[in-house]
There are 2 protein chains.
Amino acid sequence: MPRDGTMTRTRIMDAAEALVLERGFAGTPIDEVLSQAGVTKGAFFHHFGSKQELAHALIARFVELDLGNLESKMGRAEKLHRDPLQQLLIFVGLFLEDAELLAEPSTGCLMASYVYEAGMFDDHVLAVVHDNVLIWRKRLLAKLEEAAAAHPPRVHVDLESLADMATVVFEGAFVVSKIVADPAVLAAQLEHFRNYIELVFSDPR
Amino acid sequence: MPRDGTMTRTRIMDAAEALVLERGFAGTPIDEVLSQAGVTKGAFFHHFGSKQELAHALIARFVELDLGNLESKMGRAEKLHRDPLQQLLIFVGLFLEDAELLAEPSTGCLMASYVYEAGMFDDHVLAVVHDNVLIWRKRLLAKLEEAAAAHPPRVHVDLESLADMATVVFEGAFVVSKIVADPAVLAAQLEHFRNYIELVFSDPR
DNA sequence: CTTTACATACCGACTAGTTGGTATGTCTAC
DNA sequence: GTAGACATACCAACTAGTCGGTATGTAAAG
């Protein structure tokens with residue numbers, strides 16, 4: 001085996017992701033990525049055939065981490081309680097824990113960044129984003145249906161869109177958090193989301 | 001006065017806004033705007049001193065319309081009912097009416113588009129976005145405090161972040177709606193938001 | 001153990017095309 | 001005629017991508 005290039009590749013991707021989240025994909029020239037990562041143009045085009053290929057690598061890595069986070073937290077929630085409603089509340093709570101540690105506004109979500117430049121990417125890249133959101137929907141919907149079976153909702157709610165609400169809260173909170181330059185926005189919104197679920201399914205007294 | 005240029009100016013801005021929402025600001029070359037608007041480079045630089053000046057004009061117009069929408073709907077809600085909680089629910093309902101008319105996903109929010117390219121804009125431009133979100137927060141917070149006074153919340157909620165939740169829902173729903181290519185997302189999320197407010201303030205029975 | 005062969009990792013000058021912006025001229029309404 | 005509303009030609013800087021070449025590691029033949 002020749003020398004290992006994964007270090008260089010990772011440094012390029014780290015620098016690129018940070019820049020894309022701050023300036024957008026089209027607003028991030030390759031040269032800027034290179035100087036941030038401390039590598040040369042030759043190294044870049046050795047690892048990525050084109051800028052578009054970098055875009056794909058970035059979103060693929062982002063989504064993989066995101067799905068890992070989803071599964072990890074859902075798995076922990078499922079082990080921490082037997083009741084599906086409580087599992088959901090714990091699941092949100094685990095994200096809340098993370099959110100409360102933020103010292104400055106999150107750099108945002110690469111998916112949203114891409115969506116607001118959708119015209120720059122081919123369908124291949126956008127499909128990764130699309131699939132990820134549908135996986136979140138499916139995973140949360142299944143859990144919501146379990147919860148609804150055990151705890152009949154006190155008001156009528158559409159469960160599929162309630163599942164989507166998780167993604168909506170994250171994406172919306174990222175945007176607002178950046179606008180008002182306040183890292184606490186995400187935690188506060190997650191708390192409202194948890195409240196809502198609790199109120200919807202709480203047994204009427 | 002010689003010929004009226006407001007028509008040309010508007011056409012440039014309309015074309016630019018559509019393109020920016022689809023491809024981002026950096027991803028939208030002036031030439032593309034020109035061909036879409038059917039005007040020439042001379043016309044463009046007659047109306048805007050620079051591309052950055054176009055960015056400012058776009059967000060200023062967007063925010064002005066947005067604030068008009070806020071005030072208009074809040075005003076209508078306040079005339080349709082005397083109780084502040086009901087006013088809030090009607091307020092959200094009026095946005096819901098609009099959302100239900102959407103035949104395809106909204107083109108999104110220019111503020112979010114700018115935030116995900118924040119590094120491209122000067123503080124002057126970003127401040128317009130910041131101020132707008134704070135105005136929404138202030139307006140809704142005042143109404144929420146009235147509502148809370150008349151209807152003590154059944155659970156503890158932070159009213160300021162609940163006010164922000166309106167913006168969060170819009171921004172988040174725009175993103176998700178675009179990702180899953182479904183115009184119904186916004187209406188569904190607004191309904192959840194309305195439900196939540198109702199559940200929080202509903203008098204316990 | 002050393003030489004040869006070969007593969008991956010990387011370098012940096014160069015190019016073809018694009019982009020924001022300018023310079024200058026023309027037309028039109030008053 | 002003059003001032004604002006355009007049009008056309010043009011430029012300098014930038015950008016993605018290329019290309020010939022080098023460095024460094026593995027593996028097998030001698």
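Convention: sequence-line order gives letters A, B, ...; per-chain numbering from 1.
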Nearest to the side chain of V39(B) - dG17(D), dC10(C), dA7(D)?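 Nearest listed nucleotide: dA7(D).
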Expressed in angstrom and rounded to an integer, what is the separation of [X] atom [atom1] from [N] atom [atom2]?
{"X": "E32(A)", "N": "dG17(D)", "atom1": "CD", "atom2": "C1'", "answer": "18 Å"}
{"X": "E53(B)", "N": "dG20(C)", "atom1": "CD", "atom2": "P", "answer": "15 Å"}
{"X": "L34(B)", "N": "dT18(C)", "atom1": "CG", "atom2": "P", "answer": "15 Å"}
{"X": "R9(B)", "N": "dC6(D)", "atom1": "CZ", "atom2": "P", "answer": "12 Å"}
{"X": "D31(B)", "N": "dG21(C)", "atom1": "CG", "atom2": "P", "answer": "12 Å"}
{"X": "M7(B)", "N": "dG4(D)", "atom1": "CE", "atom2": "C1'", "answer": "18 Å"}
{"X": "K51(A)", "N": "dT18(D)", "atom1": "NZ", "atom2": "P", "answer": "15 Å"}

Using distance alone, with no hydrogens and no angle criterion, decide if H156(B) and N195(A) have a side-chain donor and acceptor under 3.5 Å apart.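 No donor-acceptor contact under 3.5 Å links the two side chains.
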Distance-only side-chain donor-acceptor flag, H192(B) / S161(A), under 3.5 Å: yes
Any residue in residues 20-29 of chain A with a heavy atom nearer than 4.0 angstrom to DNA chain D? Just list them by number, or reply none.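 Contacts with DNA chain D under 4.0 Å: T28(A), P29(A).
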Pull out every residue in residues 41-50 of chain B that has a heavy atom closer than 4.0 Å to any atom of DNA chain C, ordered by number, or say none.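 Residues of residues 41-50 of chain B under 4.0 Å from DNA chain C: K41(B), F45(B), S50(B).
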Test side-chain hydrogen bond (donor to acceptor under 3.5 Å, both in side chains) applied to R61(A) - qualifying residues, sequence neighbours left out: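 Residues passing side-chain hydrogen bond (donor to acceptor under 3.5 Å, both in side chains) with R61(A): D14(A), E17(A).
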Does Y116(A) offer a backbone N or O that forms a donor-acceptor pair with the side chain of S113(B) under 3.5 Å? no
Around atom CD of E32(A), are there more than 12 heavy atoms of other residues, nucleotides or ligands at under 6.0 Å? yes
Taking atom CD of E53(B) as the centre, does the number of heavy atoms from other residues, nucleotides or ligands within less than 6.0 Å exceed 12? yes
Taking all atoms of both residues into account, what is the closest heavy-atom pair of L88(B) and A147(B), and its distance? CD1-CB, 4.1 Å
Presence of T8(B) side-chain N/O under 4.0 Å of dC6(D) phosphate oxygens OP1/OP2: yes
As an exercise, state the distance from CD of E117(A) to CZ of R23(B), rounded to the nearest 0.5 Å.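 Separation between the atoms: 10.0 Å.
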End axis versus end axis in the helix from dC1(C)-dG30(D) to dC30(C)-dG1(D), the angle rounded to 10°, five pairs used at each terminus: 0°
Would you be so kind as to tabulate the donor-acceptor pairs closer than 3.5 Å made by side chains of residues 97-112 of chain A, with sequence neighbours excluded?
from: D98(A); atom 1: OD2; to: K73(A); atom 2: NZ; distance (Å): 2.8
from: S106(A); atom 1: OG; to: G108(A); atom 2: N; distance (Å): 2.9

For residues 119-132 of chain A, which side-chain N or O atoms pair as donor and acceptor with protein atoms under 3.5 Å away, sequence neighbours left out?
from: D122(A); atom 1: OD1; to: H124(A); atom 2: N; distance (Å): 3.4
from: D122(A); atom 1: OD1; to: V125(A); atom 2: N; distance (Å): 3.2
from: N132(A); atom 1: ND2; to: D66(A); atom 2: OD2; distance (Å): 2.9

Fit a plane to each ring of F95(B) and F91(B), take the angle between them on a 0 to 90° scale, and name the class: parallel (under 30°), tilted (30 to 60°) or perpendicular (over 60°). perpendicular
